[in-house]
Amino acid sequence: MGPIEICHDVVAYYCFWSLFYGLAPMIWFYPLNDLDITGYEVFAVVWLIPVITAVGPLRRVMQTRWGLFVLEAVMLTGILSFNAPTTWSRLAVLSLGNAAAVLYLSARLFSQTVRERLQNFWMLLTANLLFLASRILTRSIAPMWMNRETNLAIAAVFGVSVVMMVVRSFSSPTTENSGTASSTTASSTTKHKDKAKDFKKSTTACRADPSPGIPSPRMLGQAASGVTLGSILYLSHWVFGELGVLSRWSVNGYPMTGPTPFLSAPFVLFALIAGTFFAAHFSRLSASPLTWIIGTVAFFATYFLDAWPGFVCGLLLAVYSSVLWVNMMERVVVGHPAVVITLSMLTYLAEIFFHVWTVAYNFVPGGVYTREHSDFLIGFMCLTFLFTVPKKSGSCLSKHTWPAAVPILLALTFVVALLGTCIRLPAQPTAKKQLNPTTRDFSALIWTFHFGYDNQGWPSLKRAADLLNKTNADVIALLESDASKPYLGHNDLGMWLSEELGMFVDFGPATKDHTWGNLLLSKYPIIASTHHLLPSPHGELAPAISATLNVSGNLVDIISTHMGNDRDAIDRDVQTKYLSTLSAASANPVVFLGYVTSVPGSRDYQHFTSKGGLTDIDPTDKSRFCEYILYKNLIREGYARISHGGLSDTELQLARFSIPVNLNSYRDNDVVGVDAAQVDRWKRFPDDFGSHTAGHYYPWTHHYHMSTPKYFTSGESVSM
């Protein structure tokens with residue numbers, strides 16, 4: 001396999017992983033908007049298309065050079081779907097690209113010889129690790145789906161790679177049933193002759209091609225291989241689909257009790273690479289029952305433990321994840337794609353849907369049985385991993401099956417990761433606000449973020465960051481912000497926004513805790529924080545963060561939360577009591593930024609204001625239902641509502657406060673005004689969103705609305 005073929009294979013499989021990981025978030029957009037099963041989930045069926053490879057002539061056509069080129073061209077079309085004019089057309093074209101991608105995988109992994117198949121499997125595994133390393137450079141966002149520029153750049157690289165292979169095919173002799181366009185010369189390379197002989201000896205008992213005259217393993221064995229491969233695929237996507245996910249699984253509040261996603265990423269990648277080395281060079285030990293036991297314990301420990309213990313177990317799980325991939329090679333490549341790949345995709349689909357059911361149980365049929373039961377899923381996956389433990393000694397694998405280019409590619413992959421880490425190091429947040437005791441005002445904002453996708457299903461991170469930056473908010477609570485899930489793209493919104501805005505971030509509870517996410521951004525240092533899973537006897541789990549900030553030398557407590565659905569009255573009742581206890585017990589000034597799903601004056605509202613000791617930023621604003629800003633032991637200075645402009649389904653609410661010099665003796669502002677010219681400049685909200693506007697603002701731009709901004713004064717004259 002020459003340098004050109006290696007580069008082509010790496011690029012092609014990199015695009016495979018990008019396409020594969022990119023489909024679920026597009027499908028998820030529709031049930032996300034409707035809070036129900038919509039029917040668009042049927043697009044996931046495209047992953048089952050390898051079943052058509054059961055038709056021998058069709059499979060052999062796909063495995064020819066020109067068959068592979070056609071599949072690559074359709075994959076390229078799927079990549080360019082990011083530039084489609086509508087969400088529907090993007091989903092349709094992306095689904096077509098995914099269909100071509102899994103057919104391409106089936107054709108390449110089941111080419112003419114076992115040797116070629118193993119080489120392709122190694123390229124597939126290596127490309128996945130390179131894909132993960134590249135996400136460090138783009139702050140967790142898949143480069144192909146970050147923006148149009150990166151999408152077109154990757155499409156161009158893949159297109160050039162395909163064209164080069166087409167041109168090369170005209171200048172080299174045709175090989176019948178080559179199985180791949182990039183490995184036709186591999187067996188004739190002199191330096192591989194000796195290894196080929198050794199390989200032939202080690203695989204004599206393992207050869208089985210879905211080709212005439214070559215026996216295949218029993219159907220049951222192929223089915224077991226397919227199910228196991230599907231579980232391994234889902235493990236890789238669920239826990240290691242982005243290198244910072246493991247940190248988000250183990251996060252546990254401030255002071256930091258575990259590594260940040262930024263710092264943890266190189267260590268996770270190193271563990272994944274180490275697993276491939278271990279399995280390739282210690283094949284018997286890696287496939288032993290002892291390794292399975294250690295891997296199973298590591299998986300459950302990663303799920304049940306927090307902070308550093310959970311993270312360390314996660315690193316062990318990362319090693320085991322790569323061990324599983326390598327150990328499956330010998331079983332996968334001797335099967336039939338119509339069985340192995342189809343069943344692996346079917347298993348993957350069953351497991352990802354089960355995961356959806358564990359989180360979205362309040363909106364799906366049968367959710368009462370799957371609620372919060374990721375442990376059931378882990379148990380099933382670990383049972384399938386048992387199939388990687390051979391029943392008899394001996395293995396088709398040996399170190400000779402490791403292509404010479406793989407160690408070099410893995411080393412380059414780790415270099416990419418280290419380079420990305422070094423490039424991003426200066427962007428790590430520091431105290432953006434000077435701790436000046438004379439500055440006693442700050443602003444706080446709440447927004448339901450919609451997982452970083454706008455109302456048309458397009459990534460909105462950069463536009464959202466620009467919007468948040470214009471608000472000049474010092475503290476930001478973003479709800480529905482956990483996109484560190486396989487069906488939401490594995491985008492670490494907190495890390496991305498933290499670096500983009502230069503703010504400290506706290507994300508919690510952990511992404512494994514079956515909530516929709518809650519993150520807190522602050523220009524001031526976060527001294528301490530606690531993550532809360534609010535009591536939810538009936539409905540969806542509700543997250544909350546209670547954090548203490550150092551605001552210019554003054555301690556201020558922030559409570560951010562997304563309470564239960566409006567139809568779950570019992571849940572909201574117990575959650576309100578829980579949160580009210582937190583605010584009432586605080587000796588510091590408090591800002592409550594909450595998604596309450598109750599109207600002003602309701603039972604929950606009254607409990608917050610009476611038992612929780614909180615005051616509404618604007619009791620006269622009766623047109624609220626979801627988002628509220630309440631406070632305690634602070635002086636209100638201003639209040640604004642900003643239209644979402646299509647970036648989310650919910651507006652932004654912004655408030656400004658002053659910290660009293662003496663918490664035991666101060667007067668709150670009780671005079672309401674709407675003329676910014678009548679208040680001090682430091683009180684005024686930005687001009688970027690227009691001026692005071694009555695009623696809803698419907699155009700898809702960001703503008704003040706709902707009779708805001710409002711300014712609060714004591715009635716005394718002001719100095720301009």
Side-chain angles (χ1 to χ4, degrees), residues 1-17 104-105 108-111 113-134 161 179-200 202-203 206 229 232-233 236 240 243 266 268-287 318-333 388 395-419:
M1 185 181 292
I4 294 178
E5 290 84 358
I6 291 173
C7 291
H8 170 265
D9 284 359
V10 170
V11 172
Y13 285 126
Y14 181 96
C15 291
F16 165 82
W17 288 113
Y104 182 80
L105 180 69
R108 295 294 303 274
L109 288 188
F110 298 88
S111 50
T113 68
V114 178
R115 180 179 181 82
E116 289 176 347
R117 297 179 184 190
L118 289 171
Q119 288 175 337
N120 281 307
F121 207 116
W122 275 111
M123 291 297 105
L124 176 70
L125 179 57
T126 303
N128 182 45
L129 296 176
L130 179 60
F131 170 75
L132 297 178
S134 68
S161 171
T180 81
S182 61
S183 58
T184 56
T185 63
S187 61
S188 62
T189 305
T190 303
K191 64 180 181 180
H192 289 304
K193 284 185 177 180
D194 293 336
K195 290 185 176 181
K197 292 177 181 178
D198 293 338
F199 179 83
K200 184 177 180 180
S202 65
T203 57
C206 299
L229 181 63
I232 296 172
L233 178 61
S236 297
F240 305 109
L243 295 171
V268 177
L269 182 62
F270 181 81
L272 290 168
I273 293 175
T276 63
F277 276 85
F278 174 70
H281 291 84
F282 302 95
S283 56
R284 287 191 177 183
L285 178 60
S286 68
V319 173
Y320 183 58
S321 172
S322 291
V323 165
L324 289 171
W325 276 106
V326 177
N327 286 346
M328 276 306 296
M329 287 187 188
E330 62 177 13
R331 291 164 177 78
V332 169
V333 300
T388 64
S395 171
C396 300
L397 288 178
S398 72
K399 63 182 179 181
H400 297 297
T401 67
W402 176 305
V406 169
I408 299 174
L409 291 173
L410 292 178
L412 290 175
T413 296
F414 194 66
V415 169
V416 170
L418 293 179
L419 179 64

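Any value given below was found using the heavy atoms of this structure, including those in side chains, with hydrogens, waters and symmetry copies removed. Owing to the predicted nature of the structure, the values given are computational and were not obtained by experimental measurement. FYI, the numbering just counts along the sequence from 1.
Residues N120 and S111 are in side-chain contact: their nearest non-hydrogen atoms beyond the backbone lie under 4.5 Å apart. In this structure, the side chains of L409 and M123 come closer than 4.5 Å at one or more pairs of heavy atoms. Counting heavy atoms from C-beta outward, D9 and R108 have side chains that approach closer than 4.5 Å. Contact of the V114 side chain with the L118 side chain is registered, since non-hydrogen atoms from C-beta on lie closer than 4.5 Å. Annotation: side chain of L130 is not in contact with side chain of Y13 (no heavy-atom distance under 4.5 Å). Within the 4.5 Å cutoff, the side chain of N128 has no heavy atoms near those of the Y14 side chain.
Side-chain atoms of N327 never come within 3.5 Å of backbone atoms of T388 as a donor-acceptor pair (strictly under, hydrogens ignored). Proximity of a side-chain donor or acceptor of W325 to a complementary backbone N or O of F121 within less than 3.5 Å is not detected.
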Please step through side-chain contact (heavy atoms from CB on, under 4.5 Å) for the pair L410 and F414, ending with a clear verdict.
CA-CA 6 Å; L410 292 178; F414 194 66; over 6 Å; no
With side-chain contact (heavy atoms from CB on, under 4.5 Å) as the criterion, how do L412 and I408 come out once you've worked through the C-alpha distance, each side chain's angles and the decisive distance to 0.1 Å?
CA-CA 6 Å; L412 290 175; I408 299 174; 4.2 Å; yes
Assess whether side-chain contact (heavy atoms from CB on, under 4.5 Å) is satisfied between L243 and L272, documenting all intermediate values.
CA-CA 10 Å; L243 295 171; L272 290 168; 4.0 Å; yes
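Listed here is the closest heavy atom pair of A279 and V323: CB-CA, 3.8 Å. Across every non-hydrogen atom of V326 and T276, the tightest pair is CG2-CA, 4.1 Å. Residues A417 and L269 approach most closely at CB-CD2, 3.3 Å, considering heavy atoms. The two residues I6 and A405 have their closest heavy-atom pair at CD1-CB, 3.4 Å. For F16 against L105, the heavy-atom pair with the smallest separation is CZ-CD2, 3.7 Å.
Rounding to the nearest 0.5 Å gives a distance of 13.5 Å between CZ of F270 and OG1 of T413. Distance check, rounded to the nearest 0.5 Å: CG of L324 to CG of L233 gives 12.0 Å.
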